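Throughout, residue positions are numbered sequentially from 1 according to the sequence presented. Quick caveat: nothing in here was measured; it's all calculated off a predicted structure.
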Amino acid sequence: MDYLNFIASITERGQIKNFIESDAGVQQQEGKLYSVFAAWWQLHSPSLGELPKTKKVMELRGEFLRSFVDSLEPVGLLDRFKVAGVVASWWDEVKYELRTLSESDFGGLVDSWVDTIRDALEEDEEEQKNQTKFDPLNHKLVVRLMPDYLQEIADAEARIAELEQQKEAFERGEDAEVDEAEASEDDAEAVNFVKELETRLKTLKATIKEPKKELKTLKKSSLLYMDKIAEIEQSLGLAEAEIAEIEEQLKPYNEMKKQLAAAKGKLRTLKKELVKRLEAKRATLTDEDCQRLVLATFEDGLTAELERYVTAHRQQVIATVENWWDKYRVTLQDIETERDAAAKHLSEFLSGLGYA
């Protein structure tokens with residue numbers, strides 16, 4: 001009987017996943033499966049294009065299942081049941097859309113998507129609580145039809161994230177001199193540099209209120225209080241200088257907050273424009289555009305389903321090899337060598353004690 005061992009380059013369990021995923025044979029086999037799928041789609045997608053005329057939804061399902069299995073199973077990566085599962089899972093996701101398509105046309109299906117998005121955004125909060133969270137930005141129509149708009153959203157969100165990071169860094173005092181004991185990482189609570197400044201500023205402003213009133217009264221009373229006036233003015237000068245210094249330190253932070261508020265406002269405005277922009281885009285689509293768009297979304301969905309099955313298969317292979325590693329990384333020969341060495345050591349120990 002032949003025995004196999006792990007290759008010498010694999011020295012620990014964690015290397016197995018990357019080794020399998022980067023293996024040329026694995027990549028070639030997966031690539032072949034996707035190439036066969038692309039050819040199958042090219043051949044059979046026109047049947048979807050004819051669905052508004054034929055209206056044979058269930059007949060089309062049977063054709064897709066049969067031809068998909070016949071085309072992809074011979075590749076050998078996924079077995080017959082998994083290949084059939086790809087189409088069955090995808091069909092279950094789009095079956096209501098296919099019925100809509102057979103009862104109207106491609107433009108009618110696109111319009112139904114627009115209506116779905118509009119209705120979801122018009123629901124009040126109580127209605128939304130009773131339903132699964134719906135993200136219109138992830139709807140297949142928006143993803144396919146409005147990539148530029150989605151990029152604007154992504155840029156706005158990235159700007160918000162950037163400003164929030166800058167704001168948090170300022171609050172930690174990363175660009176300021178903070179007492180080392182207070183800023184120690186061992187502290188249970190992190191020091192908030194801004195809160196300390198704002199608290200100090202508030203205290204100072206409260207502290208100078210009464211001296212200011214007293215100074216105003218003294219100046220009206222008599223020149224006899226010149227020494228007292230000078231003392232109060234000196235104290236106020238120091239406090240006001242510190243106030244000015246703190247306000248200067250807080251200027252960048254306050255500017256960040258303004259920019260952050262503006263960025264969040266821009267994002268809210270962008271999201272409110274979704275339906276308006278979507279309807280404007282829809283108005284520019286011809287019947288041919290609608291057909292290409294719908295078929296592209298169907299292809300995206302089926303591709304994603306196939307990728308899900310392929311990924312699951314790959315993870316299963318990785319898990320199997322990792323399980324082999326756990327069981328067999330130490331060979332019988334290694335175990336016997338270790339056993340013999342232990343027996344020899346024990347024999348020598350017993351001899352030393354006079355038992356042998």
Distance col, row L260:CG vs K258:NZ, nearest 0.5 angstrom, shows 13.5 Å

message = Could you tell me if the side chain of R282 sits less than 4.5 Å from the side chain of W113, heavy atoms only?
response = no

Residue pairs passing the ring-ring contact (aromatic ring centres under 6.0 Å, His included) test with at least one member in residues 254-280, sequence neighbours excluded, are none

Taking it one step at a time, do K32 and Q28 satisfy side chain to side chain contact (heavy atoms under 4.5 Å, CB included)? CA-CA 6 Å; K32 181 179 179 182; Q28 181 180 4; 5.7 Å; no

ask   = After noting the C-alpha distance and the side-chain angles of D300 and K140, does the key distance pass the salt bridge (charged side-chain N to carboxylate O under 4.0 Å, His left out) rule?
value = CA-CA 9 Å; D300 289 344; K140 63 180 76 178; over 6 Å; no

Fill in: Intermediate values then yes/no, salt bridge (charged side-chain N to carboxylate O under 4.0 Å, His left out), E164 and K264
CA-CA 11 Å; E164 286 180 337; K264 288 181 177 179; 3.6 Å; yes

Sequence neighbours excluded, the answer for side-chain hydrogen bond (donor to acceptor under 3.5 Å, both in side chains) partners of R99 is none

To the nearest 0.5 Å, atom CZ of F106 lies from atom CG of D111 at 13.5 Å

By side-chain contact (heavy atoms from CB on, under 4.5 Å), E59 pairs with (sequence neighbours left out) K56

message = As a quick check of understanding, evaluate side chain to side chain contact (heavy atoms under 4.5 Å, CB included) for W90 and L306, giving each step before the final call.
response = CA-CA 9 Å; W90 168 77; L306 179 61; over 6 Å; no

Heavy-atom closest pair (P136 atom, V142 atom, distance to 0.1 Å) is O-CG2, 3.3 Å

Open item on the list: Less than 4.5 Å apart, side chain to side chain, heavy atoms only: is that true for F298 and S45?
Closed with: no

Applying salt bridge (Lys or Arg N to Asp or Glu O under 4.0 Å) to K212 and not counting sequence neighbours gives E240

Quiz prompt | T269 (side chain) donor-acceptor with G265 (main chain) under 3.5 angstrom | solution = yes

Residues Q29 and G76: closest non-hydrogen pair is NE2-C, 4.3 Å

The complete set of ring-ring contact (aromatic ring centres under 6.0 Å, His included) pairs with one or both residues in residues 140-164, sequence neighbours excluded, reads none

Taken in chain and number order and not counting sequence neighbours, the residues that satisfy side-chain contact (heavy atoms from CB on, under 4.5 Å) with V26 are I20, D23, E30

*asked:* Just by distance, no angles: are the side chains of D155 and Q151 close enough, under 3.5 Å, to form a donor-acceptor pair?
replied: yes

Separation between CD1 (I318) and CD1 (I16), nearest 0.5 Å, reads 9.5 Å

Notebook entry, point to check: Between V94 and T297, is any pair of side-chain heavy atoms under 4.5 Å apart?
Noted result: no

For residues 242-252, the salt bridge (charged side-chain N to carboxylate O under 4.0 Å, His left out) pairs (sequence neighbours left out) are R200-E242, K205-E247, E248-K251

Between S112 (side chain only) and L109 (backbone N and O only), is there a donor and an acceptor less than 3.5 Å apart? yes

Side-chain heavy atoms of E307 within contact of T303, under 4.5 Å:
yes

R308 and E305: salt bridge (charged side-chain N to carboxylate O under 4.0 Å, His left out), yes or no, with the steps? CA-CA 5 Å; R308 187 173 71 84; E305 197 63 39; 2.4 Å; yes

Those residues at least two apart in sequence (or on a different chain) that pass salt bridge (Lys or Arg N to Asp or Glu O under 4.0 Å) with E198 are none

| query | Does the pair E162/R159 count as a salt bridge with the N-to-O cut at 4.0 Å? | reply | yes

Scan the side chains in residues 78-86 for donor-acceptor partners under 3.5 Å anywhere in the protein, sequence neighbours excluded, and list what turns up.
from	atom 1	to	atom 2	distance (Å)
D79	OD1	F81	N	3.1
D79	OD1	K82	N	2.8
R80	NH1	E73	OE1	2.8
K82	NZ	Q316	OE1	3.2

When rounded to the nearest 0.5 Å, the distance separating CG of L48 from CD of Q291 is 9.5 Å

inquiry  = Hydrogens and angles aside, do T286 and D289 bring a side-chain donor and acceptor to less than 3.5 Å of each other?
reply    = yes

Do L238 and I232 belong to the same hydrophobic cluster, where Ile, Leu, Val, Met, Phe, Trp and Tyr are linked whenever their side-chain heavy atoms lie under 4.5 Å apart, directly or via other members? no

Interatomic distance, CG@D105 vs SG@C290, rounded to 0.5 Å, equals 8.0 Å

Are L302 and W40 side-chain neighbours, meaning at least one heavy-atom pair lies under 4.5 Å?
yes

- Ionic contact status for E299 with R292, cut-off 4.0 Å: no

If you count the non-hydrogen atoms of other residues, nucleotides and ligands that lie under 6.0 Å from CD in Q234, is the total more than 12? no

- Task: Consider only side-chain N and O atoms of Q15 and T11, and report whether a donor and an acceptor are under 3.5 Å apart.
- Result: yes

So OG1 of T311 and CD of E21: to nearest 0.5 Å the spacing works out to 9.0 Å

*Have E12 and W325 got a donor and an acceptor in their side chains that come within less than 3.5 Å?*
no

Q) Checking side chain to side chain contact (heavy atoms under 4.5 Å, CB included) for the pair V75/Y34: CA distance, chi angles, key distance, verdict? A) CA-CA 10 Å; V75 175; Y34 290 125; over 6 Å; no

Nearest heavy-atom contact between L236 and P211 is CD2-CB, 3.8 Å

Query raised in the report: Linking I/L/V/M/F/W/Y whenever their side-chain heavy atoms sit closer than 4.5 Å, directly or via other members, would F37 and L43 fall into one cluster?
Result: no

Hits for side-chain contact (heavy atoms from CB on, under 4.5 Å) against K202, two or more places apart or cross-chain, chain-then-number order -> none

Residue pairs passing the ring-ring contact (aromatic ring centres under 6.0 Å, His included) test with at least one member in residues 227-254, sequence neighbours excluded, are F170-Y253

Subject >> Minimum side-chain heavy-atom gap L145-L293 below 4.5 Å >> reply: yes

With sequence neighbours left out, the residues meeting side-chain contact (heavy atoms from CB on, under 4.5 Å) with V87 are F64, L65, F68

Q. So, the side chain of Q166 versus the backbone of M256: is there a donor-acceptor pair under 3.5 Å, distance only?
A. no

Exercise for review: Output yes when a side-chain donor or acceptor of K55 lies under 3.5 Å from a complementary backbone atom of P52, and no otherwise.
Suggested key: yes

Answer yes or no: is there a side-chain heavy-atom contact under 4.5 Å between L137 and V143? no

Start with the C-alpha gap between T54 and L60, add the side-chain angles, then the distance that decides, and say whether side chain to side chain contact (heavy atoms under 4.5 Å, CB included) holds. CA-CA 10 Å; T54 64; L60 183 61; over 6 Å; no

